[in-house]
4 protein chains.
Amino acid sequence: MMNQTPRRCNVFRLPTAHPADTSALSALIANGTVAAGSIRAILGKTEGNGCVNDFTRAYAVTALQAALAEPLGCSPAEVGQLIAMVMSGGTEGGLSPHLIVFTATNAPPDAVPAFSLAIGTASTRPFRPEEIGRTAQIEATAQAVTTAMRAAGIARPADVHYVQVKCPLLTSERAAEAASRGHPVVTADSYKSMGYSRGASALGVACALGEVGRDALDDGAICRRLDLWSGRASTSAGIELMHNEIIVLGNSDQWASDAVIGHRVMRDAIDLPAAVGALADVGLPTAGQLDDAARHRLLAVLAKADPSTSGSIRGARHIMLDDSDINATRHARALVGGVLAGVMGRTDLFVSGGAEHQGPDGGGPIAVIAQRSAPHAK
Amino acid sequence: MMNQTPRRCNVFRLPTAHPADTSALSALIANGTVAAGSIRAILGKTEGNGCVNDFTRAYAVTALQAALAEPLGCSPAEVGQLIAMVMSGGTEGGLSPHLIVFTATNAPPDAVPAFSLAIGTASTRPFRPEEIGRTAQIEATAQAVTTAMRAAGIARPADVHYVQVKCPLLTSERAAEAASRGHPVVTADSYKSMGYSRGASALGVACALGEVGRDALDDGAICRRLDLWSGRASTSAGIELMHNEIIVLGNSDQWASDAVIGHRVMRDAIDLPAAVGALADVGLPTAGQLDDAARHRLLAVLAKADPSTSGSIRGARHIMLDDSDINATRHARALVGGVLAGVMGRTDLFVSGGAEHQGPDGGGPIAVIAQRSAPHAK
Amino acid sequence: MMNQTPRRCNVFRLPTAHPADTSALSALIANGTVAAGSIRAILGKTEGNGCVNDFTRAYAVTALQAALAEPLGCSPAEVGQLIAMVMSGGTEGGLSPHLIVFTATNAPPDAVPAFSLAIGTASTRPFRPEEIGRTAQIEATAQAVTTAMRAAGIARPADVHYVQVKCPLLTSERAAEAASRGHPVVTADSYKSMGYSRGASALGVACALGEVGRDALDDGAICRRLDLWSGRASTSAGIELMHNEIIVLGNSDQWASDAVIGHRVMRDAIDLPAAVGALADVGLPTAGQLDDAARHRLLAVLAKADPSTSGSIRGARHIMLDDSDINATRHARALVGGVLAGVMGRTDLFVSGGAEHQGPDGGGPIAVIAQRSAPHAK
Amino acid sequence: MMNQTPRRCNVFRLPTAHPADTSALSALIANGTVAAGSIRAILGKTEGNGCVNDFTRAYAVTALQAALAEPLGCSPAEVGQLIAMVMSGGTEGGLSPHLIVFTATNAPPDAVPAFSLAIGTASTRPFRPEEIGRTAQIEATAQAVTTAMRAAGIARPADVHYVQVKCPLLTSERAAEAASRGHPVVTADSYKSMGYSRGASALGVACALGEVGRDALDDGAICRRLDLWSGRASTSAGIELMHNEIIVLGNSDQWASDAVIGHRVMRDAIDLPAAVGALADVGLPTAGQLDDAARHRLLAVLAKADPSTSGSIRGARHIMLDDSDINATRHARALVGGVLAGVMGRTDLFVSGGAEHQGPDGGGPIAVIAQRSAPHAK
């Protein structure tokens with residue numbers, strides 16, 4: 001994709017007072033800071049349980065679609081086709097509910113292209129139920145990641161630092177439909193199908209980025225070969241779609257802004273040095289906690305959290321997997337949220353659960369987006 | 001208290017496989033590392049909810065008393081009179097259940113007194129129900145802290161770094177008994193009485209250590225004047241006693257070991273620099289996370305956690321106080337546990353909730369005990 | 001109110017697949033069974049926790065308003081002014097999420113007036129924050145109940161069997177506004193203010209129906225004199241309004257249908273005979289469980305549930321108030337839902353919590369609506 | 001087993017103030033009502049979550065063993081070999097924590113044998129890990145049930161009304177040990193192994209009682225053929241044993257008391273008629289709720305509860321299986337507890353979860369023990 005005029009990707013991190021609170025975004029649109037048509041993606045942390053019966057995610061999407069319909073001049077349902085929205089439930093510990101809005105515009109005429117934040121999106125074809133959680137989903141996802149990289153103007157996989165995937169899940173109706181055609185699905189359990197779909201999608205990202213060789217992968221590897229993973233994938237399953245939506249974030253010299261993205265992989269849930277490394281990569285070195293100036297230059301933190309299946313962290317027992325009162329992923333988000341809040345000095349962090357094939361067992365990718373220089377009036 | 005032969009305070013941090021697991025302690029007694037009679041105090045993190053119906057605390061105490069009865073040559077009930085035991089429920093996030101055993105022995109004949117870890121214990125008289133959560137409890141606690149300091153050979157309040165208090169609570173029977181004598185109690189609600197008792201006890205510590213002037217305190221200040229607090233108190237309420245038990249930890253030149261204690265006050269739940277400072281105070285400076293050598297020299301971490309009543313952390317909303325599925329103190333422990341695990345590189349941290357008058361609103365004291373030199377065979 | 005042409009109140013109980021599921025109602029409108037303009041009130045059980053952070057209630061209202069806007073030819077926000085909607089969160093145990101839609105139409109020309117189900121609605125003036133949870137709210141509610149009775153064509157209080165009230169709560173902003181005018185509010189705690197508002201509203205119903213004498217009531221009685229209560233009030237607090245909305249259900253000879261309503265008061269949570277009595281009152285006597293024919297004639301069951309403050313039921317301890325993992329009201333709804341499901345043979349029951357002054361401590365009103373004769377095509 | 005002198009089985013239902021409360025039992029022993037040596041079995045409901053991390057069960061057993069050691073003149077550990085103890089966690093809704101103590105003594109010299117309550121116990125051999133959850137466990141359990149019937153003096157399977165089984169579960173250590181010998185276990189997941197062990201044990205009961213033909217059963221049927229079940233089994237898995245312990249309750253003419261047991265099978269969770277039928281079987285007919293006289297003659301209620309895997313009850317959706325905040329079995333116990341409390345007029349009911357092959361999907365057995373005549377001084 002040849003793009004002579006540089007583009008600019010802006011990032012807006014907006015607090016919410018409740019899951020349906022879109023007031024901060026509406027205010028930015030009203031005062032002209034954000035053109036509704038420039039919005040490419042919205043990631044959000046909502047305060048539900050992040051598990052099966054978390055309706056705060058759909059509620060937030062409903063509210064965002066309602067709020068953006070008029071500015072975009074379309075129906076609420078059509079908003080969903082224009083803007084990728086991924087809501088992650090669960091703000092355990094001190095995590096703060098918020099939205100992260102990504103826009104893409106032409107850079108001002110005098111802007112000089114810089115190696116800076118780039119965004120690209122793509123979708124796969126719709127999957128048949130029996131393809132979900134299997135190699136067909138891996139392959140289609142890998143192709144779509146490549147397409148999204150092209151859309152973002154990113155040529156080298158090394159310049160990709162975060163790939164958000166929204167993927168489908170299986171319902172009993174979908175499983176029955178496949179069975180009626182003689183094709184059994186990977187699992188009849190809706191909850192488990194989310195893990196398979198997230199896992200296959202993450203492996204698709206890993207293939208596209210060269211982190212895992214395609215020939216290492218077959219159906220049996222998905223959700224079993226935990227040693228195969230992407231250090232940049234973040235995948236999330238939802239009932240409302242049958243295809244995969246891809247958002248690629250990286251750095252590219254076809255864009256022009258002072259924002260830049262970097263990432264590292266946390267090898268376990270308390271791998272603070274990985275977070276410190278990611279900050280250093282984007283020009284925010286720290287010994288301890290970011291100072292006030294630095295933390296205001298931090299535009300977004302995107303991380304994955306999951307309990308280690310070993311039942312321990314560096315040899316010490318954790319109780320996440322044995323707690324029948326609080327779901328294990330809730331513990332894990334609270335923990336990783338605390339580790340990151342300590343170094344960042346902020347709690348509005350996008351920490352999400354369900355990390356199959358997204359980083360090593362018990363660990364996960366962490367990406368940070370920062371402004372190279374101190375913020376000023378745009 | 002003149003003590004010509006230096007004493008030695010040893011600290012043993014022992015993992016548990018479940019709340020009643022005393023096998024690690026029994027093994028140390030069996031192999032002669034610990035003389036049962038030298039045990040002064042046992043602090044423990046158990047994996048219950050840390051709230052009203054957390055029976056893991058009493059279960060752990062029952063198991064410890066049963067395990068120590070034979071070595072001590074007494075009944076299980078008498079063990080409770082010989083050794084102060086404070087169990088704190090709640091290992092949310094990645095916190096790891098464990099026991100911290102404190103022993104006091106004579107130092108070896110060749111030991112040179114050093115300014116090192118010292119322990120002293122004391123008790124108040126039993127309280128009448130109407131005294132709990134009021135100035136009478138403050139005053140008796142302050143006196144007992146002074147007594148425990150003397151027992152520890154600590155003259156200066158500045159050398160005290162951690163004061164654990166176990167204090168009573170009110171039951172409907174206790175409230176009724178007081179009422180029958182014409183003396184209303186501070187609250188008829190058992191759960192609230194725990195807060196008042198913890199708060200008055202913490203203010204007693206603050207008085208003894210000169211952190212708060214006695215004339216600033218009256219009944220009305222307790223649990224209301226949140227600006228008055230101790231930076232070294234950690235108080236815990238239990239149904240099984242009517243007096244306050246005090247454990248003072250500090251440094252004294254009447255003792256001889258290479259262990260030393262320090263503390264700082266976290267001004268909010270994500271005050272990582274306070275933790276870094278406390279580590280530096282005990283000879284473990286770090287930029288990021290303790291390395292393997294340093295984290296093995298860390299003997300214990302003792303911290304308090306509570307949600308800020310403002311509903312936010314550095315301006316960002318938290319949802320702890322509005323979550324009807326997970327108690328607010330459980331969120332707070334998970335958060336502070338994550339912040340501290342990040343820098344310590346360990347998860348076996350004694351993070352407890354219920355921080356009335358123990359540090360500023362939303363923050364709390366953090367104490368660390370470390371070996372000055374690398375561990376070696378004792 | 002003279003009403004020569006008899007009216008007809010129809011009741012539609014509709015299952016939902018999730019909190020935003022309005023498909024059953026939309027289908028009834030599409031096939032002409034329900035005229036959108038005839039809908040007077042919608043009660044709903046949603047599957048949230050029914051406590052502070054239950055967003056399923058607002059999500060359901062949002063979905064209903066969106067679904068009804070087009071049929072009513074108005075905006076979603078205006079739907080809220082035309083139709084009273086009260087969503088109750090919490091379907092613990094076996095309770096089944098559902099909507100109950102009440103319509104009022106002119107009866108067919110050949111309809112003979114019968115002493116049958118009648119509905120009337122009314123609103124109070126908006127309250128100032130300092131009036132909430134105090135006698136001003138009682139008085140205005142009592143007046144509005146009288147107005148709604150008139151609208152329903154019900155003259156005698158004895159013919160009123162259920163009064164649903166939606167009432168406001170206090171937020172910190174509202175409390176601050178009142179304080180700025182020199183008027184302290186009843187409590188600064190939002191959660192507690194819900195109880196005071198529900199309690200004052202229920203006492204307003206009790207006054208209007210002659211269940212409690214007005215002179216027995218002053219500010220101090222609210223949420224304290226638990227011996228004063230209405231056996232027909234069901235009140236619910238919400239943040240979105242500052243006035244009280246009233247829905248009165250009873251029987252009147254100005255209406256013409258084969259539906260009829262009755263009620264009893266459960267003296268404790270397991271007072272099955274009260275439910276059996278209410279069923280008998282509406283022509284559904286049973287010894288055990290309603291048979292299939294009878295349970296299909298049951299149109300709606302509306303009950304209140306709350307844990308007894310004594311901590312016991314008929315002398316046996318319950319653990320609802322001591323459980324820090326599951327909110328007490330969730331236990332109570334599950335319990336009362338089970339008691340009622342046993343006799344009704346159905347689980348789509350409107351059992352709601354928060355029963356201040358709505359029946360005796362630990363008990364609550366139960367109302368049932370039934371068809372006198374077996375259902376047939378309407 | 002010829003038993004010329006009739007025996008007597010007494011049942012004592014004792015409230016507990018907390019999981020370790022044995023005071024009521026100790027009082028009965030102290031005043032001579034119960035001889036410690038006559039205690040055959042103790043069933044208990046404790047107030048934990050009834051799931052993986054419920055330590056109230058072990059805590060209660062620890063307390064009972066400590067309390068009975070002195071009266072029995074043995075060590076606490078030996079008490080566990082003399083008396084079968086089965087603690088069931090979870091008193092959701094209004095269920096009241098309590099103990100049910102079964103004693104067997106010689107009847108008084110003048111006692112006339114009656115067809116009355118009989119108890120018998122037996123154990124299987126220890127299982128190898130790979131036998132758990134498989135046909136070997138079915139067969140050994142069936143044999144032991146037959147042995148326990150003989151011990152109880154019950155010849156006909158139709159006279160058996162309740163069979164409590166305590167069975168082992170798999171841990172990672174046990175699974176590894178089996179694997180090291182080349183024998184894979186049924187599942188490496190501890191939680192799932194509980195279901196397999198309960199299921200195989202229940203099928204063993206079904207075989208012994210002729211409810212299921214032995215030839216219908218192979219390994220593949222366990223936890224899959226939900227149409228195969230016992231209407232009298234209640235099985236519970238625990239980590240502390242490797243064999244199955246069996247308690248058979250029924251009626252026999254070799255015993256002499258006025259207590260009698262009966263049972264029915266609830267076809268779903270709200271099958272009140274089954275409970276009414278079981279009450280009628282033991283001489284307590286009721287139309288509605290037991291009156292005071294009748295409910296005092298009710299000695300024990302023993303029932304199983306589990307959510308229906310269909311996700312609905314009589315066609316109406318339940319949310320038990322989708323709730324990530326409250327475990328499904330907790331909902332189910334609350335529901336069945338409510339249904340039964342309504343008809344019984346009592347809340348101290350032994351309702352336990354985990355009903356694999358114990359009654360039909362979503363339903364379960366209910367047994368009741370009652371005195372034929374009104375209680376009088378024994």
Side-chain angles (χ1 to χ4, degrees), chain C residues 15-18 46-49 91-98 268-277 286-292 295 307-308 312-320 322-323 325-326 330-349 362, chain D residues 15-18 46-49 91-98 268-273 275-277 285-292 295 307-308 312-320 322-323 325-326 330-349 362:
Chain C
T16 58
H18 55 80
T46 60
E47 57 211 280
N49 63 28
T91 55
E92 296 83 4
L95 290 171
S96 188
H98 66 291
D268 62 18
I270 62 172
D271 187 4
L272 184 70
V276 171
T286 181
Q289 188 174 76
L290 293 181
D291 62 23
D292 277 2
R295 73 189 190 94
S308 63
S312 64
I313 298 173
R314 301 191 190 178
R317 182 168 70 102
H318 67 70
I319 54 81
M320 304 189 220
D322 292 331
D323 191 342
D325 295 313
I326 300 179
R330 308 198 72 177
H331 281 291
R333 277 188 297 265
L335 169 59
V336 173
V339 170
L340 298 183
V343 65
M344 309 291 176
R346 311 190 62 114
T347 55
D348 43 3
L349 314 170
Chain D
T16 58
H18 55 80
T46 60
E47 55 211 280
N49 62 28
T91 55
E92 297 83 4
L95 290 171
S96 189
H98 67 290
D268 62 18
I270 63 172
D271 186 4
L272 186 69
V276 171
T286 181
Q289 187 174 78
L290 293 181
D291 62 24
D292 277 1
R295 75 190 190 92
S308 62
S312 65
I313 299 173
R314 302 192 188 178
R317 181 168 69 103
H318 67 71
I319 55 81
M320 304 189 222
D322 291 332
D323 190 341
D325 295 312
I326 300 179
R330 308 199 72 178
H331 281 291
R333 277 189 296 266
L335 169 59
V336 173
V339 170
L340 298 182
V343 65
M344 308 291 175
R346 310 190 61 114
T347 55
D348 42 3
L349 314 169

Where does [X] contact chain D at under 4.5 Å (heavy atoms): side chain, backbone, both or neither?
X: R330(C); value: side chain
X: A332(C); value: neither
X: D322(C); value: neither
X: A269(C); value: neither
X: T16(C); value: both
X: I313(C); value: both

Between [options], who has the most heavy-atom pairs with chain D when the cutoff is under 4.5 Å?
options: S312(C), A287(C), G342(C); result: G342(C)
options: P97(C), A334(C), G288(C), A341(C); result: P97(C)
options: S308(C), G337(C), A316(C), A17(C); result: A17(C)
options: L272(C), L340(C), V336(C), D323(C); result: L272(C)

Considering only heavy atoms and a distance below 4.5 Å, find which of G345(D), P15(D), P307(D), A275(D) pairs most often with chain C.
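Among G345(D), P15(D), P307(D), A275(D), the one with the most close pairs to chain C is G345(D).
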What residue, out of T347(D), V276(D), D348(D), has the most heavy-atom pairs lying under 4.5 Å from chain C?
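So the answer, after comparing T347(D), V276(D), D348(D), is T347(D).
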Ion pair present between R317(C) and E47(D), side-chain N to carboxylate O less than 4.0 angstrom?
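Judged by the 4.0 Å cut-off on N to carboxylate O distance, R317(C) and E47(D) do form a salt bridge.
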Can you find a pair of side-chain heavy atoms, one from R314(D) and one from R295(C), that are under 4.5 Å apart?
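The answer is yes, as the side chains (C-beta and beyond) meet within the 4.5 Å cut-off.
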If I take atom CD1 from residue I326(D) and atom NE2 from residue H331(C), how far apart are they, to the nearest 0.5 angstrom?
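I326(D) CD1 to H331(C) NE2: 7.5 Å, rounded to 0.5 Å.
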Please confirm whether the backbone N or O of I270(D) pairs with a side-chain atom of Q289(C), one donor and one acceptor, at under 3.5 Å?
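Flag set: sc Q289(C) to bb I270(D) pair under 3.5 Å.
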